[in-house]
Trainee: 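Just dropping this structure here.
Note that these values count all heavy atoms, side chains included, but never hydrogens, waters or copies made by symmetry. This chain uses plain numbering: 1 for the first residue, then up along the sequence.
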Amino acid sequence: MEASSGYKDYVAGLMAGVATVITGHPFDTVKVRLQKYNTEAGAVKYKNGLHCATRILQTEGVKGLYRGAASSFIGMAFESSLSFGIYSQTKRFLQGEIDGDKPQPHAIVPSAAFGGAIISFILCPSELVKVRDARVPNFLLYLEYHLCNVVFQCRMQVQGSDFMVPKSTRFSGPLECALKTVQEEGLTGMFRGGLATLLRESVGNAVFFSTYEYTRYFMHLQLKGASSESRQLIDVGVGIMSGGLGGIAFWSAVLPLDVAKTIIQTTPEKNHSRNPFSVLNLIYRRSGLRGCYTGLGPTLVRAFPANAAAIVAWELSAKLLGIRRDQ
């Protein structure tokens, strides 16, 4: 990207976040429920991602797939705005006077990791509430608090009216979930799973943007001779492929950390280890490598369309805002 007004990078990122939620939230709901219930000792609640999605639709309707989406729209828009904005501006700064189309890994990797590290401090409490407000039993014992509505997503998703999910201690909404959280654990409890989130976002973002930039570069290289009339269609197609593959690479690299984060955030035991590597070791001994990749199916199914939509929305918004990308 060329030099541009700083706020435009963040506006384009915000639009990417909105597109991500519309496309990907139902898949995320399925992933969270699988991670919570299918890793508990002695009980497998859902056979697979399709079974989980079917159960949600049967018992709760389409609304169940978008449980927690209200705060998700607010949170993802803000988080995506920061992620894409920080990445764009940091990369531009690190590239300095270097010109040319070829991706510069010395700028891409640290810029993406830095952006991921920053948003992890928002995502951790946000996802904590999202997963816990999914009607997990006995959560009054260990709920936590955060400053804004973004924290309410994760606990909402594990809740629901499905008879396979225990019905004790349900929440009427994210606000009640957050209030109960602060009463029981205080502010610091909202950052349970913080290390796992930090590692997931910094490593994952570096993988995502590297995959995106290189895929985009090589695809445009192959399509240089295309007519100008089809340029806009080509740009959308390249955005879909580069964004989708970037999303798949992201989750393939860091899903075990996400599984550990979900377990840390939803366990009813206050003294449960918060070290993601210790948690993964326990999961591996109990369920093997498959357990560490619980929810992989719906996660990858979600990853391609959600991230493709995010990249297309980001690039189209950047064009409308006058931010030109070299091709």
Side-chain angles (χ1 to χ4, degrees), residues 1-2 4 8-28 31 49 73 76-77 79-81 83-89 91-92 95 99-105 107-109 111-112 115-116 204-255 296-327:
M1 289 186 181
E2 294 185 340
S4 60
K8 293 181 180 180
D9 291 319
Y10 294 93
V11 173
L14 184 147
M15 298 309 297
V18 172
T20 300
V21 175
I22 293 173
T23 310
H25 192 85
F27 297 101
D28 194 45
K31 180 203 71 173
F73 271 109
M76 182 56 75
E79 294 149 14
S80 184
S81 176
S83 179
F84 281 93
I86 292 172
Y87 169 72
S88 300
Q89 295 190 345
K91 181 166 75 79
R92 189 180 301 126
Q95 285 182 164
D99 198 13
D101 299 346
K102 193 170 183 180
Q104 304 294 327
I108 294 170
V109 173
S111 300
N205 264 27
V207 172
F208 171 79
F209 279 108
S210 295
T211 303
Y212 158 70
E213 294 282 6
Y214 277 97
T215 302
R216 180 179 181 277
Y217 169 71
F218 284 113
M219 287 189 72
H220 276 300
L221 206 61
Q222 297 298 316
L223 297 168
K224 262 190 174 178
S227 62
S228 56
E229 291 79 12
S230 59
R231 175 54 55 186
Q232 189 168 358
L233 187 60
I234 288 174
D235 287 346
V236 172
V238 171
I240 290 173
M241 289 303 298
S242 58
L245 291 175
I248 288 175
F250 178 105
W251 287 109
S252 297
V254 301
L255 185 62
L296 179 64
T299 298
L300 293 186
V301 170
R302 170 197 183 275
F304 194 97
N307 288 280
I311 289 297
V312 170
W314 181 44
E315 292 186 340
L316 289 178
S317 298
K319 279 186 179 180
L320 291 173
L321 290 167
I323 307 173
R324 188 178 70 83
R325 288 207 59 149
D326 296 322
Q327 298 189 6

Trainee: Mind checking side chain to side chain donor-acceptor pair (under 3.5 Å) for Ser83 and listing every partner two or more places apart, or none if nothing turns up?
Mentor: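 With sequence neighbours excluded, Ser83 shows a side chain to side chain donor-acceptor pair (under 3.5 Å) to Asn205, given in chain and number order.
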
Trainee: What closest approach, in Å, do Ile311 and Gly243 show between heavy atoms, and which atom pair accounts for it?
Mentor: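 Looks like CG1-CA, 3.4 Å.
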
Trainee: Could you give me the CA-CA distance, side-chain angles and deciding distance for Phe84 and Leu14, then say whether side chain to side chain contact (heavy atoms under 4.5 Å, CB included) is met?
Mentor: CA-CA 8 Å; Phe84 281 93; Leu14 184 147; over 6 Å; no

Trainee: Is there a side-chain contact between Asp235 and Lys319 (heavy atoms, below 4.5 Å)?
Mentor: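 In contact.
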
Trainee: Could you tell me which non-hydrogen atom of Gly17 sits nearest to which non-hydrogen atom of Ser80, and how far apart they are?
Mentor: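 Distance-wise, the nearest heavy atoms are N-OG, 3.2 Å.
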
Trainee: Is the closest side-chain heavy-atom distance between Trp314 and Ile323 below 4.5 Å?
Mentor: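 Result no, sub-4.5 Å side-chain heavy-atom pair not found.
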
Trainee: Would you say Val109 and Phe209 make side-chain contact, with heavy atoms under 4.5 Å?
Mentor: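 No, side chains not in contact.
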
Trainee: Who passes side-chain contact (heavy atoms from CB on, under 4.5 Å) against Ile234, sequence neighbours left out?
Mentor: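 Ile234: side-chain contact (heavy atoms from CB on, under 4.5 Å) contacts with Leu223, Ala226, Ser230, Arg231, Val238.
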
Trainee: Look at the side chain of Ser242 and the backbone N and O of Thr215, then say whether any donor-acceptor pair between them is shorter than 3.5 Å.
Mentor: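 No, the answer is negative, given that no donor and acceptor are paired below the 3.5 Å cut-off.
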
Trainee: Can you list everything that forms a side-chain contact (heavy atoms from CB on, under 4.5 Å) with Ala313? Sequence neighbours excluded, please.
Mentor: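 Ala313: side-chain contact (heavy atoms from CB on, under 4.5 Å) contacts with Ala19.
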
Trainee: Where is the tightest heavy-atom contact between Gly115 and Ile86, given as atom of each residue plus distance?
Mentor: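 Residues Gly115 and Ile86, closest heavy atoms: CA-CG2, 3.7 Å.
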
Trainee: Would a 4.5 Å heavy-atom cut-off, applied to side chains only, mark Asn307 and Phe250 as touching?
Mentor: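 No, every pair of side-chain atoms sits at 4.5 Å or beyond.
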
Trainee: Please list, chain by chain and in numerical order, all residues satisfying side-chain contact (heavy atoms from CB on, under 4.5 Å) with Tyr214, sequence neighbours excluded.
Mentor: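 Testing Tyr214 for side-chain contact (heavy atoms from CB on, under 4.5 Å), a comparison that skips the adjacent residues, returns Pro103, Pro105, Phe218.
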
Trainee: So which atom in Leu321 and which in Lys8 form the shortest heavy-atom distance, rounded to 0.1 Å?
Mentor: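 Closest approach of Leu321 to Lys8: O-NZ, 3.0 Å.
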
Trainee: Report yes if the side chains of Thr299 and Leu255 come closer than 4.5 Å at any heavy-atom pair, otherwise no.
Mentor: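 In short, these two side chains touch, coming nearer than 4.5 Å.
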
Trainee: Taking all non-hydrogen atoms of both residues into account, name the closest pair between Ile248 and Ala303 and its distance.
Mentor: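 Residues Ile248 and Ala303, closest heavy atoms: N-CB, 3.9 Å.
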
Trainee: Mind checking what makes side-chain contact (heavy atoms from CB on, under 4.5 Å) contact with Ser111, not counting sequence neighbours?
Mentor: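 Partners of Ser111 under the side-chain contact (heavy atoms from CB on, under 4.5 Å) test: Tyr87, Thr90, Lys91, Leu94.
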
Trainee: Taking C-beta and beyond as the side chain, do Phe73 and His25 meet within less than 4.5 Å on heavy atoms?
Mentor: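 A side-chain contact under 4.5 Å is absent here.
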
Trainee: Check ring-ring contact (aromatic ring centres under 6.0 Å, His included) between Phe27 and all other residues, then give those that pass, not counting sequence neighbours.
Mentor: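 By the ring-ring contact (aromatic ring centres under 6.0 Å, His included) rule, Phe27 matches no residue at all.
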
Trainee: Looking at every heavy atom in both Gly239 and Val312, which two are closest together, and how far apart are they?
Mentor: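 Closest approach of Gly239 to Val312: C-CG2, 3.9 Å.
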
Trainee: Would you list the pairs meeting side-chain hydrogen bond (donor to acceptor under 3.5 Å, both in side chains) in which at least one residue belongs to residues 12-21, sequence neighbours left out?
Mentor: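 Applying side-chain hydrogen bond (donor to acceptor under 3.5 Å, both in side chains) to every pair that reaches into residues 12-21, excluding sequence neighbours, yields nothing.
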
